[in-house]
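Working notes, structure below.
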Amino acid sequence: MKRFKIWFLLIVLLVPTLVLSGCQSQSVTKRSNSADTWSKIKKRGTVVIGLDDSFVPMGFRQKNGKLVGYDVDLARAVFKQYGIKVDFQTIDWSMKETELRNGTIDLIWNGYTITKARAKSVAFSRPYLENQQILVTKKASNINNFKDMQGKTLGVQNGSTGTSVLDEKPALLKDYIKGKKPILYDTFPEAFIDLNANRIQGILMDKVYAEYYIKHQPDGSAYSTYMSKQIPAEDFAVGMRKGDTTLRKNINKALGKMQQNGQLKKINQKWFGEASNYLGEP
């Protein structure tokens with residue numbers, strides 16, 4: 001009986017502490033989402049960007065470990081205009097919005113697609129690159145369209161736009177695949193390992209990644225890619241907290257300046273072999 005009383009007293013003492021801790025955590029998160037952090041970023045001279053460092057050609061590691069990529073060049077060029085250094089932090093892509101909300105990163109900048117669902121909690125910069133979700137298979141599998149995935153196993157990256165497309169348009173592909181459920185991967189390289197080993201028969205993924213990956217494979221002709229008119233083109237943009245209105249304004253301003261002076265075209269030429277100068281409206 002005495003032991004029961006002791007445990008009861010401990011619970012009574014702990015509950016208010018846990019509740020208070022939870023409230024404080026929510027309060028910190030709320031302030032983080034509503035605060036305009038530009039002055040803090042400017043003062044410390046560094047902005048923290050979260051990325052998946054295996055996403056070619058947007059941000060990835062070379063064999064020597066050096067981080068390179070289209071978004072890496074773009075982000076550094078943007079913040080160089082303000083005398084701010086960029087600190088790239090590798091994150092779990094499925095947790096990117098949580099990392100942003102908790103304030104562990106300032107921006108999501110890594111082939112991040114604008115969607116209605118994301119726009120509810122994230123503010124976006126002006127779009128800077130067009131993309132589309134496509135199906136990648138091996139030619140030897142004799143898959144020639146989305147319907148040919150009937151009974152086959154599909155892979156997608158966890159937290160990617162591809163997972164949203166599957167759920168939003170199940171009749172397009174999800175209803176055909178084995179178990180009506182894809183295999184989720186942390187990174188696309190892991191998905192390609194299984195595709196090459198025939199453990200999966202297709203990957204729904206970003207066109208920019210697929211084209212770059214296939215182009216740089218010694219057996220690139222062994223792959224096939226398929227698009228659907230039911231999957232509209234999408235835009236990449238920088239994701240940030242809703243309260244960061246000054247940060248958003250300054251990123252948009254810098255991107256616009258790069259479009260005018262030809263720097264954006266130069267970066268596009270470097271990574272995609274074409275002098276695109278696309279930049280959407282803010």
Side-chain angles (χ1 to χ4, degrees), residues 28-62 64-93 95-114 118-119 121-129 235-271 276-282:
V28 169
T29 300
K30 187 175 181 180
R31 288 198 303 271
S32 175
N33 291 333
S34 60
D36 189 326
T37 64
W38 176 254
S39 59
K40 290 183 179 180
I41 292 171
K42 187 71 175 174
K43 184 177 181 179
R44 72 174 183 244
T46 304
V47 63
V48 182
I49 294 179
L51 83 165
D52 164 13
D53 65 358
S54 66
F55 187 14
V56 298
M58 311 309 286
F60 62 100
R61 300 282 176 185
Q62 293 181 320
N64 61 5
K66 182 181 179 181
L67 182 66
V68 298
Y70 178 86
D71 278 335
V72 173
D73 285 353
L74 200 61
R76 284 174 174 159
V78 162
F79 285 101
K80 185 178 181 180
Q81 296 181 41
Y82 299 103
I84 295 172
K85 294 181 179 180
V86 181
D87 178 12
F88 293 98
Q89 296 289 331
T90 302
I91 59 173
D92 180 340
W93 195 244
M95 297 294 290
K96 54 193 176 297
E97 286 85 7
T98 301
E99 297 274 13
L100 183 67
R101 184 172 62 249
N102 291 344
T104 52
I105 60 175
D106 299 310
L107 299 168
I108 303 171
W109 197 333
N110 190 214
Y112 190 45
T113 302
I114 298 174
R118 288 171 176 170
S121 59
V122 176
F124 286 100
S125 71
R126 59 192 305 182
Y128 60 83
L129 192 69
D235 285 315
F236 285 161
V238 187
M240 63 205 81
R241 290 178 290 271
K242 293 280 189 177
D244 274 319
T245 54
T246 305
L247 179 59
R248 180 176 181 271
K249 181 185 71 175
N250 288 339
I251 290 173
N252 286 342
K253 182 180 178 181
L255 287 171
K257 186 175 180 180
M258 289 171 65
Q259 184 188 44
Q260 293 176 358
N261 65 22
Q263 197 172 7
L264 180 62
K265 186 183 292 185
K266 186 177 180 180
I267 295 175
N268 278 310
Q269 182 69 49
K270 174 183 175 180
W271 289 103
S276 169
N277 205 26
Y278 170 75
L279 194 62
E281 292 299 319

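Looking at residues two or more places apart in sequence or on another chain, you find a ring-ring contact (aromatic ring centres under 6.0 Å, His included) between Tyr82 and Trp38. For Asp71, the side chain to side chain donor-acceptor pair (under 3.5 Å) partners are Trp109, Tyr128, not counting sequence neighbours. Residues satisfying the side-chain contact (heavy atoms from CB on, under 4.5 Å) criterion with Lys66, sequence neighbours excluded, are Gln62, Asn64, Val68. Looking at residues two or more places apart in sequence or on another chain, you find a side chain to side chain donor-acceptor pair (under 3.5 Å) between Asp73 and Lys270, Trp271. Evaluation of the side-chain contact (heavy atoms from CB on, under 4.5 Å) rule for Gln269 yields Ala275 as partners, not counting sequence neighbours. For Lys257, the side-chain contact (heavy atoms from CB on, under 4.5 Å) partners two or more places apart in sequence, or in a different chain, are Gln81, Asn261. Evaluation of the salt bridge (charged side-chain N to carboxylate O under 4.0 Å, His left out) rule for Glu97 yields Arg118 as partners, not counting sequence neighbours. The ring-ring contact (aromatic ring centres under 6.0 Å, His included) test applied to Phe236 returns no partner, not counting sequence neighbours. Arg76 is linked by a salt bridge (charged side-chain N to carboxylate O under 4.0 Å, His left out) to nothing, counting only residues two or more places apart in sequence or in another chain. Partners of Asp87 by side chain to side chain donor-acceptor pair (under 3.5 Å), not counting sequence neighbours, listed by chain and number: Gln89. Partners of Asn268 under the side-chain contact (heavy atoms from CB on, under 4.5 Å) rule, at least two apart in sequence or in another chain, are Tyr70, Leu129, Leu264, Phe272, Ser276.
In this structure, Gly69 and Phe60 approach most closely via the heavy-atom pair CA-CE2, 4.1 Å. Listed here is the closest heavy atom pair of Phe88 and Ala75: CZ-CB, 4.0 Å. When all heavy atoms of Ile267 and Ala77 are compared, the pair lying nearest together is CD1-CB, 4.4 Å. Residues Pro127 and Ile114 approach most closely at CG-CD1, 3.9 Å, considering heavy atoms. Shortest non-hydrogen contact noted between Ala123 and Arg241 is CB-O, 3.9 Å.
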- Might you work through the side-chain contact (heavy atoms from CB on, under 4.5 Å) test for Asn110 and Lys96, ending with a clear yes or no? CA-CA 10 Å; Asn110 190 214; Lys96 54 193 176 297; over 6 Å; no

- Task: Could you go through the side-chain contact (heavy atoms from CB on, under 4.5 Å) check for Leu107 and Tyr112 one step at a time?
- Result: CA-CA 10 Å; Leu107 299 168; Tyr112 190 45; over 6 Å; no

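Note: Asn277 CG to Gln259 CD = 4.5 Å, rounded to the nearest 0.5 Å. From Ile41, atom CD1 reaches atom CD1 of Ile84 across 6.5 Å, with rounding to the nearest 0.5 Å. Note that CD1 of Ile91 is 6.0 Å distant from CD1 of Ile108, once rounded to the nearest 0.5 Å. Rounding to the nearest 0.5 Å places CG of Asp235 at 10.0 Å from OG of Ser125.
With hydrogens and angles ignored, the 3.5 Å screen pairs a side-chain donor or acceptor of Asn252 with a backbone N or O of Arg126.
You'll find the side chain of Val78 stays beyond 4.5 Å of the side chain of Val238, heavy atoms only. Taking 4.5 Å as the limit, some side-chain heavy atom of Met258 sits within range of a side-chain heavy atom of Leu74. A heavy-atom distance below 4.5 Å is found between the side chains of Leu51 and Leu67.
For residues 42-59, the set of pairs meeting the salt bridge (charged side-chain N to carboxylate O under 4.0 Å, His left out) definition, not counting sequence neighbours, comprises Arg44-Asp106, Asp53-Arg61.
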